[in-house]
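To keep things clear, I will list the structure first and then write my remarks on it.
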Amino acid sequence: MRKFKIGFWAVIFGLMGIVIFQNQDFFMAKQILSIDFIFTKYETPELHRAILFGGIFLTGFIISYIFTLIDRLKFRKVVKSLGAEIDSQNENITLLINELESVKGGSSGNNKEKEEKEEKEEEEEQKSA
């Protein structure tokens, strides 16, 4: 999948390069960008259209990044709260398991220790015999 992504983006950038190369006259022409507010008017100095296209693309990229950043921060907060909930539920599970084992007559750790002691005693008896 990673090779596919690299190949896909290489093709996209290659096609964009071909379009820009074949239309150099259009992209290298100078143009003024003017913004007319009600109370004032702003004009940029003469810039190549390629610079204007790049600036507009970069502005759009930054705006989309800001909007997705807000969502990512919200999701990170949700993930943290769910992780804390999972931890608390795991603690409850271990408490309930311990309580169940105590009701049954002992914890599983004590049963294991008893089994190990019995095995050692059997081995000692076999060695002495």
Side-chain angles (χ1 to χ4, degrees):
M1 187 67 176
R2 182 176 177 161
K3 290 181 182 179
F4 174 75
K5 286 182 182 179
I6 292 171
F8 174 76
W9 286 110
V11 168
I12 294 296
F13 286 125
L15 291 174
M16 286 175 52
I18 290 171
V19 168
I20 292 170
F21 182 74
Q22 289 179 350
N23 295 300
Q24 280 183 356
D25 295 335
F26 174 77
F27 287 109
M28 297 315 258
K30 292 188 176 190
Q31 188 170 359
I32 296 174
L33 179 67
S34 62
I35 300 172
D36 189 14
F37 295 115
I38 296 172
F39 50 88
T40 186
K41 184 176 181 180
Y42 177 75
E43 289 185 355
T44 63
E46 272 192 4
L47 297 172
H48 295 288
R49 286 183 183 158
I51 294 172
L52 293 175
F53 277 103
I56 291 169
F57 175 78
L58 186 63
T59 303
F61 186 79
I62 291 170
I63 290 171
S64 67
Y65 180 78
I66 290 170
F67 282 118
T68 59
L69 179 68
I70 293 169
D71 289 338
R72 282 185 284 164
L73 292 175
K74 287 179 185 176
F75 291 141
R76 185 178 295 164
K77 185 177 179 182
V78 169
V79 167
K80 284 183 181 179
S81 67
L82 291 175
E85 187 175 336
I86 288 172
D87 292 339
S88 68
Q89 288 179 355
N90 283 338
E91 290 175 7
N92 288 340
I93 289 170
T94 56
L95 290 174
L96 290 173
I97 289 173
N98 291 337
E99 185 179 330
L100 180 64
E101 288 174 353
S102 66
V103 169
K104 284 184 177 179
S107 67
S108 62
N110 290 338
N111 291 337
K112 288 181 182 179
E113 290 175 5
K114 289 179 184 177
E115 290 175 4
E116 289 176 1
K117 286 181 182 178
E118 290 175 0
E119 288 177 6
K120 287 181 182 179
E121 290 174 2
E122 289 177 8
E123 290 176 5
E124 289 176 5
E125 289 176 6
Q126 289 177 357
K127 287 180 183 177
S128 64

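When reading the values below, keep in mind they use all heavy atoms of this one structure, side chains included, and skip hydrogens, waters and symmetry mates. Quick note: residue numbers are just sequence positions, from 1.
Residues Asn90 and Ile86 meet the side-chain proximity criterion, which asks for heavy atoms closer than 4.5 Å. Side-chain contact between Ile70 and Lys74: present, with at least one pair of heavy atoms (C-beta onward) separated by less than 4.5 Å.
Residue Ile12 belongs to a hydrophobic cluster whose other members are Phe8, Trp9, Phe13, Met16, with links defined by side-chain heavy atoms closer than 4.5 Å. Counting Ile, Leu, Val, Met, Phe, Trp and Tyr side chains that sit under 4.5 Å apart, directly or through other members, Met28 stands alone, with no cluster partners. Through direct or relayed side-chain contacts under 4.5 Å between Ile, Leu, Val, Met, Phe, Trp and Tyr, Ile93 connects to Ile97. The other members of the hydrophobic cluster of Leu15, by chain and number, are Val11 (side-chain heavy atoms under 4.5 Å, ILVMFWY only).
Linking Ile, Leu, Val, Met, Phe, Trp and Tyr residues whenever their side-chain heavy atoms come within less than 4.5 Å leaves Ile35 and Leu52 in two separate clusters. Phe61 and Leu69 are assigned to two separate hydrophobic clusters, defined by single-linkage of ILVMFWY side chains at heavy-atom distances under 4.5 Å.
Residues satisfying the salt bridge (charged side-chain N to carboxylate O under 4.0 Å, His left out) criterion with Glu43, sequence neighbours excluded, are Lys41. Judged as a side-chain hydrogen bond (donor to acceptor under 3.5 Å, both in side chains), and not counting sequence neighbours, the contacts of Arg49 are Gln31.
Listed here is the closest heavy atom pair of Asn23 and Val19: ND2-O, 2.9 Å.
The aromatic rings of Phe53 and Phe27 sit perpendicular, their planes meeting at an angle over 60°, well past the 30° parallel limit.
In this structure, the separation between CG on Leu100 and CG on Leu95 is 12.5 Å, given to the nearest 0.5 Å. Residue Leu33 holds its CG atom at 6.0 Å from CD1 of Ile56, rounded to the nearest 0.5 Å. Here the OH-CG distance, from Tyr65 to Leu58, works out to 13.5 Å after rounding to the nearest 0.5 Å. Between atom CD of residue Gln89 and atom CG of residue Leu96 there is a gap of 11.0 Å, rounded to the nearest 0.5 Å.
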